[in-house]
Amino acid sequence: MESKKRKMILAIVGVTGMVGREILEVLSERNFPLTELIPVASEKSCGQTINYLGKGCEIISLPDLVERKVDIALFSAGGEISKIWAPKLAKKGCKVVDNSSYWRMNDNHKLIVPEINGNELDKSDMIISNPNCSTIQLAMALAPLHSKFQVKRVVVSTYQAVSGTGKKAVEQLKNEKNNIDDEMVYPYQIFQNSLPQCDDFIENGYTKEEMKLTNETKKILDKSIDVVATAVRVPVVRGHSESVNVTFKNEFNLDEIRFALNKMDGVEVLDDPKNSKYPMPIISHKKDAVFVGRIRRDFTQKKALNMWVVSDNLRKGAATNTVQIAEFMLANNII
């Protein structure tokens, strides 16, 4: 055990991206016990250095990474990269936590939010999927309620920040705000606008993002839960918001709802509407919690509830959850 504490080699694949840089920050904040950091990015970034805890670490390529001894690799470089390179590292005994959507719905790979289903992990798991950012915060709010009242149906509308699309989307918003004509990631202006399209549309009329919310929530919590979503992109840099309508099998009162949410690790109830206290993206900024407020009965339906859920999509929605998975595996001697 002591030898493992002395030597823990961790790689970040996609280290120059928004989530990659956030992972670096979260690792340092949480004092993750790594002894060597290997930053990995595309060829154009190779040779550059990344600063971690005052030390310069040289960026290398994926082919070079496969030749190295690595205990765990945190991937945030897109599905095609994960498809090709995650199995190569896993074959060499490296644990992979993947932020892309590529492995999420694969029956052979687990989709993990540590506070909810971390105990499903064991030593045989080599490639572990990190859920979609909007799914993570929804599941975190639903999990304690499902265990007590049994969720039947969820109708969710999301208000998603542009950082969920990536650096170029953030640049588009900033450029439009400053009247600068440049590359557009979205089909329309996002500044002072809302786009009812996150990701591509598919044959059923929903977007891929909306179906991620449906399929991933069912995989994490319970396949019998019905989930239907509308995902909207809004001109906020970071922090996703969700309006959530939940129908339960069992009756509830609002005090029980608040108590269950307050007991859930990683969830903070912020629900004092009379004093205008409720979750907002600006409150979630750089925080790891999922905030829940505007908790109220749906007076049109029996056993139904409305709530408002907000979380920083780059933190708990991506980087923090990824690091927490690594922490869980380390604490439970899975690495």
Side-chain angles (χ1 to χ4, degrees), residues 4 8 10-14 19 23 26-27 30 32 70-144 146-147 151 154 208-209 211-225 227 229 264-267 288 290 311 313 315-335:
K4 282 201 170 188
M8 174 56 58
L10 182 145
I12 302 175
V13 179
V19 174
I23 288 172
V26 173
L27 286 168
R30 298 174 72 92
F32 188 88
V70 187
D71 295 294
I72 183 165
L74 310 181
F75 269 63
S76 187
E80 285 304 307
I81 296 293
S82 296
K83 172 185 175 181
I84 296 167
W85 293 97
K88 292 183 180 182
L89 285 163
K91 189 175 181 180
K92 295 195 67 174
C94 173
K95 299 285 184 179
V96 173
V97 183
D98 181 35
N99 261 289
S100 82
S101 62
Y102 187 79
W103 302 101
R104 287 179 190 156
M105 297 311 300
N106 187 307
D107 290 339
N108 297 319
H109 298 278
K110 291 166 185 171
L111 189 60
I112 298 295
V113 180
E115 297 93 333
I116 300 172
N117 61 347
N119 57 11
E120 292 180 6
L121 291 169
D122 59 46
K123 288 189 175 182
S124 68
D125 294 308
M126 297 305 297
I127 301 174
I128 301 101
S129 273
N130 198 56
N132 190 38
C133 46
S134 53
T135 303
I136 289 175
Q137 67 188 72
L138 178 63
M140 285 285 289
L142 291 177
H146 182 54
S147 64
V151 175
V154 179
K208 289 181 180 178
E209 181 79 8
M211 294 312 300
K212 287 175 190 175
L213 277 156
T214 295
N215 297 327
E216 293 178 21
T217 302
K218 291 165 80 73
K219 183 172 179 178
I220 294 165
L221 291 179
D222 188 332
K223 62 183 180 182
S224 71
I225 298 174
V227 182
M264 177 71 178
D265 288 342
V267 170
D288 293 327
V290 173
S311 185
N313 56 296
R315 299 288 288 207
K316 182 57 181 172
T320 301
N321 201 72
T322 300
V323 174
Q324 285 176 314
I325 293 171
E327 289 173 339
F328 186 93
M329 291 194 293
L330 194 59
N332 290 275
N333 199 28
I334 294 171
I335 299 177

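Here the structure is a predicted model, which means the values were calculated and not measured.
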- Item | Selection residues 99-118 - residue pairs positive for ring-ring contact (aromatic ring centres under 6.0 Å, His included), sequence neighbours left out | W103-H109
- Answer yes or no: is there a side-chain heavy-atom contact under 4.5 Å between V267 and P144? no
- Query: Nearest 0.5 Å, what's the CG-SG distance between L213 and C133?
  - Reply: 8.5 Å
- Note on the structure: To the nearest 0.5 Å, atom CG of L330 lies from atom CZ of F32 at 5.0 Å
- Using a 4.5 Å cut-off on heavy atoms from C-beta on, say whether the side chain of T217 contacts that of V154. no
- Determine yes or no for a side-chain-to-main-chain donor-acceptor pair under 3.5 angstrom, with K219 supplying the side chain and N106 the backbone. yes
- Between CG on residue L142 and CE on residue M264, distance to nearest 0.5 Å: 10.0 Å
- What residues, two or more places apart in sequence or in another chain, satisfy side-chain contact (heavy atoms from CB on, under 4.5 Å) together with D71? M8, I9, K69, I335
- Message: Taking the side chain as everything from C-beta on, heavy atoms only, tell me whether V26 gets closer than 4.5 Å to T322.
- Response: no
- Residues in side-chain contact (heavy atoms from CB on, under 4.5 Å) contact with A11, at least two apart in sequence or another chain: I38, V40, L65, V70, A73
- Task: Can you tell me which residue pairs pass the salt bridge (charged side-chain N to carboxylate O under 4.0 Å, His left out) test with a partner in residues 322-335, sequence neighbours excluded?
- Result: R30-E327
- Query: Between atom CG of L221 and atom CE of M140, what is the distance when rounded to the nearest 0.5 Å?
  - Reply: 11.0 Å
- Message: Consider side-chain contact (heavy atoms from CB on, under 4.5 Å). Of V96, I23, N130, V19, which one does F75 pass it with?
- Response: V96
- Message: Taking side chain to side chain donor-acceptor pair (under 3.5 Å) as the cut-off, I'd like each qualifying pair that reaches into residues 89-98, sequence neighbours left out, listed once.
- Response: S82-D98, D98-S100
- Query: If only atom types and distance count, is the side chain of N117 paired as donor or acceptor with the main-chain N or O of V113 below 3.5 Å?
  - Reply: yes
- Measuring from I136:CD1 to L111:CG, what's the distance to the nearest 0.5 Å? 8.0 Å
- Got a sec, which residues hit side-chain hydrogen bond (donor to acceptor under 3.5 Å, both in side chains) with S129, two or more places apart in sequence or on another chain? none
- Non-neighbouring partners of N313 that pass side-chain hydrogen bond (donor to acceptor under 3.5 Å, both in side chains), sequence neighbours left out: S163
- Query: Which distance, rounded to the nearest 0.5 Å, do you find between the CG of D265 and the CD1 of I116?
  - Reply: 11.0 Å
- Quick one: list whatever passes side-chain hydrogen bond (donor to acceptor under 3.5 Å, both in side chains) with S76, sequence neighbours left out. none
- Message: Please identify which of these residues, I72, L121, I128, meets the side-chain contact (heavy atoms from CB on, under 4.5 Å) condition with I334.
- Response: L121
- Message: Run the side-chain hydrogen bond (donor to acceptor under 3.5 Å, both in side chains) test against S134 and tell me which residues pass, sequence neighbours left out.
- Response: N132, E209
- May I have all residue pairs that pass salt bridge (charged side-chain N to carboxylate O under 4.0 Å, His left out) and include part of residues 107-120, sequence neighbours excluded? K110-D122, K110-D125, E115-K316
- Message: Between L74 and L10, is the side-chain contact (heavy atoms from CB on, under 4.5 Å) condition met? List the steps.
- Response: CA-CA 8 Å; L74 310 181; L10 182 145; 4.1 Å; yes
- How about L89 and M126: do any of their side-chain heavy atoms sit closer than 4.5 Å? no
